[in-house]
Amino acid sequence: MSSPTGPASGLPVRMPRPRQPGRHRRPEPLAAPEGAPALVLAVPGTPSTGTRSLAEEVVSIARSELPGLDARIGYLDGDDAEFPTLQAILVHAAEERSARFEQAKAAGVDVKEPDGPVAVVVPLLAGPDSALLRQVRQAVMDSRVAADLTDVLGPHPLLAEALHVRLSEAGLARADRARLFTVATAADGIVLASVGGDEAVQAAGITGMLLAARLAVPVMAAALDQEGSIAAIAEQLRSSGSQQLALAPYLIGPEIDPGLIEAAAKEAGCSAAEALGPYPAIGKLALAKYTSALGIVPPQPQGAPVR
């Protein structure tokens, strides 16, 4: 629904009316600067139609938040056919920028030769994964294109919200529709599953503290890619008094085999929520990384109500 200050987050942005005088005038919507670098979403894992659909929804959310944004998708393990690689996307973006400059010059337009980064690469990762981030950096280097690389999306309060929503969708937590805040949950202990080793577990733990505050139950992070980590954390939660556990994947989805979540839940002896997927906050956080890299004042990411 719209509010007195403008359209709600995620809805199409109308063209602004003439600015009203005075202190209560509506703010003009932010738009991408002309000639701004492309936002390139670096998607890990084995590409599939499901992965592409997820990535397209993430960039669609980013475009809706920043009209005029040039957002593209590059796959770390792409095939340069159906699923273009990150390296190929960066090269193509550089070629397009050069071609636009040459066309403008040929048309007699007084234009400045483009400089600065061709793209801002945003890894589609909730937390740090050194192996995948090395892949991203290598693809950027191999492209020989001037591109900025941002940090991963988390930790962030919006990811705690997304985890809460996924748990509630699985019937493992109750959520207040108005404020997304609750003290009643079907699970009395949460295993927060991450990938990327110890560094990822520590980063997940920060978001885990925010999730624990929302649910009023203990939340402990564990590593899906370390043998025995999930079972050990589950046992630790049970030893501290939790009886009914739930597993919450601190993952967007493409970075792992979906079967690993099911196996981890079996190992912990509990039910699992879905991965974060294309939750609206993911697109907003990707855009926030992009705008921060360019020094653009972004629209503040807002949460969404549980449906």
Side-chain angles (χ1 to χ4, degrees), residues 125-130 152-253 255-277 279 281-282 285 303-307:
L125 294 168
D129 185 317
S130 57
V152 296
L153 304 183
H156 196 280
L158 284 180
L159 293 179
E161 175 192 296
L163 289 162
H164 187 173
V165 170
R166 292 295 182 244
L167 285 164
S168 69
E169 288 172 345
L172 301 172
R174 292 181 183 174
D176 182 284
R177 287 180 179 272
R179 299 178 58 198
L180 274 180
F181 196 90
T182 183
V183 293
T185 176
D188 58 5
I190 307 295
V191 180
L192 194 58
S194 65
V195 292
D198 291 337
E199 183 184 5
V201 169
Q202 290 174 10
I206 298 172
T207 300
M209 288 189 290
L210 301 173
L211 180 62
R214 298 177 71 91
L215 301 178
V217 302
V219 177
M220 297 185 68
L224 274 170
D225 50 355
Q226 288 184 352
E227 187 175 354
S229 175
I230 297 290
I233 292 300
E235 180 57 32
Q236 192 172 337
L237 283 166
R238 290 191 174 100
S239 297
S240 66
S242 297
Q243 298 298 316
Q244 188 169 340
L245 303 184
L247 186 138
Y250 187 62
L251 308 160
I252 295 171
E255 62 269 51
I256 62 158
D257 182 334
L260 287 179
I261 296 176
E262 185 180 347
K266 186 176 180 181
E267 182 182 357
C270 65
S271 298
E274 294 290 331
L276 299 175
Y279 186 75
I282 302 300
L285 289 174
V306 174
R307 299 188 183 280

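Because the structure is a prediction, the values reported are computed rather than measured.
Atom CE of Met220 is separated from atom OG of Ser242 by 9.5 Å, given to the nearest 0.5 angstrom. Atom CG of Leu245 sits about 11.0 Å away from atom CD1 of Ile230, to the nearest 0.5 Å. Note that CG of Leu159 and CD1 of Ile206 are 11.5 Å apart. Values are rounded to the nearest 0.5 Å. Interatomic distance, Tyr279 OH to Leu163 CG, rounded to the nearest 0.5 Å: 10.0 Å. Rounded to the nearest 0.5 Å, atoms CD1 (Ile233) and CG (Leu247) are 11.5 Å apart.
Contact record, Ala187 with Ile190: CB-CD1, 3.9 Å, taken as the closest heavy-atom pair. Minimum heavy-atom separation, Val152 to Ala126: CG2-O, 4.1 Å. Of all non-hydrogen atoms in Gly208 and Val219, the two that sit nearest each other are O-CB, 3.6 Å. The minimum heavy-atom distance between His156 and Thr207, with the atom names listed, is N-OG1, 3.6 Å. Pairing each heavy atom of Leu224 with each of Ala193, the nearest pair is CG-CB, 3.8 Å. When every heavy atom of Leu158 is checked against every heavy atom of Ala281, the shortest pair comes out as CB-CB, 3.8 Å.
Of the possible polar contacts, one joining the Asp188 side chain to the Gln243 backbone as a donor-acceptor pair under 3.5 Å is found. Arg166 contributes a side-chain N or O that, together with a main-chain N or O of Leu276, makes up a donor-acceptor pair within less than 3.5 Å. Using modelled atom types, no side-chain atom of Gln236 and backbone atom of Ala234 make a donor-acceptor pair closer than 3.5 Å.
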Enumerate donor-acceptor pairs with a distance under 3.5 Å from any side-chain N or O in residues 196-205 to protein atoms, sequence neighbours excluded.
unit_1, atom_1, unit_2, atom_2, d
Asp198, OD1, Gln226, NE2, 3.2

Please output the side-chain donor-acceptor pairs of residues 261-271 that fall under 3.5 Å, not counting sequence neighbours, one pair per line with the distance.
unit_1, atom_1, unit_2, atom_2, d
Glu267, OE2, Ala231, N, 3.4

*side-chain contact (heavy atoms from CB on, under 4.5 Å) between Leu211 and His164, worked out*: CA-CA 7 Å; Leu211 180 62; His164 187 173; 4.0 Å; yes
*Apply side-chain contact (heavy atoms from CB on, under 4.5 Å) to the pair Glu255 and Asp129, showing each step before the final yes or no.*
CA-CA 9 Å; Glu255 62 269 51; Asp129 185 317; 5.8 Å; no
